[in-house]
There are 2 protein chains.
Amino acid sequence: MKVDGKPTRTIWLEADGLTVVVIDQTALPHRFATVQLATLDEAARAIRSMIIRGAPLIGATAAYGMALAMRDDASDEALERAYAVLLETRPTAINLKWALDEMLAALRNRPRAERLAAAYARAAEIADEDVEINAAIGRHGLALIDKIAATKKPGERVNVLTHCNAGWLATVDWGTATAPIYMAHDKGVNIHVFADETRPRNQGASLTAWELGQHGVPHTVIPDNTGGHLMQHGMVDLVIVGTDRVTANGDVCNKIGTYLKALAAKDNGVPFYVALPSPTIDFTLSDGLAEIPIEQRAAEEVATMTGLTADGRIETVRVVPKGSAVANYGFDVTPARLVTGLITERGIVAPTRADLAAAFPERSNVAANPRAAE
Amino acid sequence: MKVDGKPTRTIWLEADGLTVVVIDQTALPHRFATVQLATLDEAARAIRSMIIRGAPLIGATAAYGMALAMRDDASDEALERAYAVLLETRPTAINLKWALDEMLAALRNRPRAERLAAAYARAAEIADEDVEINAAIGRHGLALIDKIAATKKPGERVNVLTHCNAGWLATVDWGTATAPIYMAHDKGVNIHVFADETRPRNQGASLTAWELGQHGVPHTVIPDNTGGHLMQHGMVDLVIVGTDRVTANGDVCNKIGTYLKALAAKDNGVPFYVALPSPTIDFTLSDGLAEIPIEQRAAEEVATMTGLTADGRIETVRVVPKGSAVANYGFDVTPARLVTGLITERGIVAPTRADLAAAFPERSNVAANPRAAE
């Protein structure tokens, strides 16, 4: 999407065709800065320190990290070492391992002399594939927005509420939940986004608001407490969120607080959609509440806030009394009964076991008969 | 309740019997400081600048403000002026006008020489009456907590979730939503409170957490996004919140985000109670969603956060990109269908027109026939 009016991805190559450039997402929304990655270790550090984040972007960065490793040393040992170093950067990120496996498969059986070029070619494909998947999600979601827009009077806007950042910044381009929004905006639909602040890490206020603003999409940041009131008063036409994991029966694990918005959507007849690339579906699970372990994160994320002071410094302030305990659950599970539909790269799928299996037969069969796949 | 182990109210008199002392709530939770009010203007400033807040405490402070005015000048003109100055400090606070009217009624027909003593006496009564009402709310709510405690195994705690600050700091003592909690804790019930942070003004993280901590009540501060997840996993036994206004049919207007917690409570079979002194019931309204106007507050409350820096300064930081719009609705309405019961000074009342009218016949009759009351 655009930054300062210029089409930009979250990861690209310098003119030398070798040096990788990413946006320093830790400086957003107050400062736009890029970081050059010239070595394996720089790529690993960018992932580990969350200069970049978001499962698809982590995968693409790791792929380029393998390519960077080949610049110095294209030996088998260097390949194995790069794989190990990158895999350790964010151990729970599914896309990371997938991207590294793809790179290993593309390079392992090639002569050393071909590995550098092959690595850059496969990394570029991985990045492009992510863009393609998100664009497909965008086209399917756009149809939903178009339908709502058709019911509006001239000048009335389509209001979409989103939670956290399932945006362009979490992927290579387009984002997942944001892809339909950007496409609608680009084709001239009068669209406006309510972006939940998304405490404790504020990805809505700091990342979603920033990327929508850079691309020129009208938006309003709201406290996480506000969405229910807006829906009660007809101010939200559609909710679209992302997800970290969807079970075979359509339960949706996403950033903490998503469940509360789904309840409010149901209570007020507002459609609640979840946008996802299909690898996010875990066909081995069939009860999100019982089976998905919810990560508890550092207390500091709740106890403090980081922002820009009046004199332009980035400062972290404590907002909870010393001595008060805090709890920081990273995610919650929205039961399938509250989800209107799943926007995937193959179209909109109902959150039921039968519909998911029908849409992705090649994956659901394997999961249903794990022995048969061995 | 206690501060540093010492029983304390939110407003008291110095040893001279004339100077009023309040807690500077703008410095909480990071610094406990008191402010002396020796004149009408100092009392007015304390209310206006939100050194003190909470409808009952505003009423008590305004009453003492009238008494302070009588120190300088006990004339009719001074009385009228004090009334006018104090009424302007927080125009929408219902308790403020009520307390000022009470003071005016108590002083107007007395000789000047008696007004100073009478003013302090009536102000003290107003403060004591608030304590009594809250204690009665506490006793009725305690019965609910006792019932839950009786179902627990040894060592298991009773978990109460609350939103915003309907605590001791908003009243003269006990608080409304917190009164049952303090009483349970004081009698040895193993009680624990989840305190919603309550963005954007953070009254939960900064005030509720502080007062619970000072009194020694075990508690955990959680982001506003977290309550649904806790209820899904059986970690909340009971929700108790305060309210700014209850309609004749039991709709509850309270701090923004209350509705989302009520939805989660309903979805998970968690009892959802609202604690209130009966003057909070507005018998002239019968549809909270349609009839209660929701105040929109300053953008800065959402766009910034204030807290303590690592080196001990109070600093305000911006957490939303420049150029992003923000919306700041102060309250939402929880429909009566989501409310288990109203904890009032006369007992627990079902949120229905019939039950509210039966519990408060003297007020509901007047409202039902406004002409007859004229």
Side-chain angles (χ1 to χ4, degrees), chain A residues 28-30 194-195 197-200 202 205-206 209-210 212-213 218-230 232-233 255-261 263-264 267 289 294 302-310 314-321 323-329 331-333, chain B residues 28-30 194-195 197-200 202 205-206 209-210 212-213 218-230 232-233 255-261 263-264 267 289 294 302-310 314-321 323-329 331-333:
Chain A
L28 294 177
H30 305 297
F194 286 110
E197 174 182 42
T198 320
R199 281 283 283 154
N202 290 38
S206 56
W210 182 84
L212 291 172
H219 65 281
T220 302
V221 176
I222 51 172
D224 300 303
N225 285 321
T226 307
H229 171 75
L230 298 179
Q232 284 179 312
H233 290 272
K255 186 63 52 184
I256 190 84
T258 302
Y259 166 57
L260 295 171
K261 296 305 143 59
L263 285 169
D267 200 43
L289 269 174
I294 301 297
V302 177
T304 67
M305 288 277 264
T306 300
L308 193 71
T309 63
I314 300 290
E315 178 83 81
T316 297
V317 297
R318 186 175 175 85
V319 294
V320 167
S324 288
V326 308
N328 185 7
Y329 294 89
F331 304 91
D332 63 22
V333 172
Chain B
L28 294 176
H30 304 297
F194 286 110
E197 174 182 41
T198 320
R199 282 282 285 154
N202 290 38
S206 57
W210 181 85
L212 291 172
H219 64 281
T220 302
V221 176
I222 50 173
D224 300 303
N225 285 321
T226 307
H229 171 75
L230 298 179
Q232 284 179 313
H233 290 272
K255 185 63 51 184
I256 190 84
T258 302
Y259 165 57
L260 294 171
K261 296 305 142 61
L263 285 169
D267 199 43
L289 270 174
I294 301 297
V302 177
T304 66
M305 288 277 264
T306 299
L308 192 71
T309 62
I314 300 290
E315 177 83 81
T316 296
V317 297
R318 186 175 175 85
V319 295
V320 167
S324 287
V326 307
N328 185 7
Y329 294 88
F331 304 91
D332 63 23
V333 172

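By convention in this document, chain letters (A, B, ...) are assigned in the order of the sequence lines, proteins followed by strands, and residues within each chain are numbered from 1. Side-chain atoms are counted along with the backbone in the values below, which use heavy atoms only and exclude waters and symmetry mates. Keep in mind that what you see is a predicted model, and the values were worked out from it rather than measured.
What you find for B:P223 and A:A327 is that their closest heavy atoms are CD-O, 3.5 Å. When all heavy atoms of B:H30 and A:V319 are compared, the closest pair comes out as NE2-CA, 4.3 Å. Looking at every heavy atom in both residues, A:Y259 comes nearest to B:H229 through CD2-N, 4.3 Å. Closest non-hydrogen pair, B:L263 versus A:A264, comes out as CD1-CA, 3.5 Å.
Heavy-atom distances place the side chain of B:L230, and not its backbone, under 4.5 Å from chain A. Only the side chain of B:I294 comes within contact range of chain A, judged by heavy atoms closer than 4.5 Å. Looking at B:N202, the atoms closer than 4.5 Å to chain A (heavy atoms on both sides) all sit in the side chain, from C-beta outward.
Residue with the most contacts toward chain A among B:E197, B:Q232, B:H219, B:K255: B:Q232 (heavy-atom pairs, distance under 4.5 Å). The residue among A:A303, A:A195, A:A205 with the most heavy atom pairs within less than 4.5 Å of chain B is A:A205. Of the residues considered (A:V302, A:D267, A:T309), A:D267 shows the highest number of contacts with chain B, using heavy-atom pairs under 4.5 Å. Of the residues considered (B:V221, B:I314, B:L212), B:V221 shows the highest number of contacts with chain A, using heavy-atom pairs under 4.5 Å. If you tally non-hydrogen atom pairs under 4.5 Å between each of A:P29, A:A325, A:G257 and chain B, the highest count goes to A:A325. Interface remark: of the candidates B:G323, B:G213, B:G227, B:A209, B:A209 forms the most heavy-atom pairs closer than 4.5 Å to chain A. Of the listed residues A:T304, A:D224, A:T316, the one with more heavy-atom pairs under 4.5 angstrom with chain B than any other is A:D224. Heavy-atom pairs under 4.5 Å with chain B peak, among A:Y329, A:W210, A:F194, at A:Y329.
Put simply, the side chain of B:L308 does not reach to within 4.5 Å of the side chain of A:V317, judged on heavy atoms. B:L289 has its side chain within reach of A:H233: a pair of non-hydrogen atoms, C-beta onward, lies under 4.5 Å apart.
With values rounded to the nearest 0.5 angstrom, A:T226 atom OG1 is found 8.5 Å from B:D332 atom CG. The OG1 atom of B:T306 sits 10.0 Å away from atom CE of A:M305, with the distance rounded to the nearest 0.5 Å.
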Assess whether side-chain contact (heavy atoms from CB on, under 4.5 Å) is satisfied between A:K261 and B:L260, documenting all intermediate values. CA-CA 8 Å; A:K261 296 305 143 59; B:L260 294 171; 3.6 Å; yes
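The main-chain N or O of B:R199 is found under 3.5 Å from a side-chain atom of A:N225 such that the two form a donor-acceptor pair.
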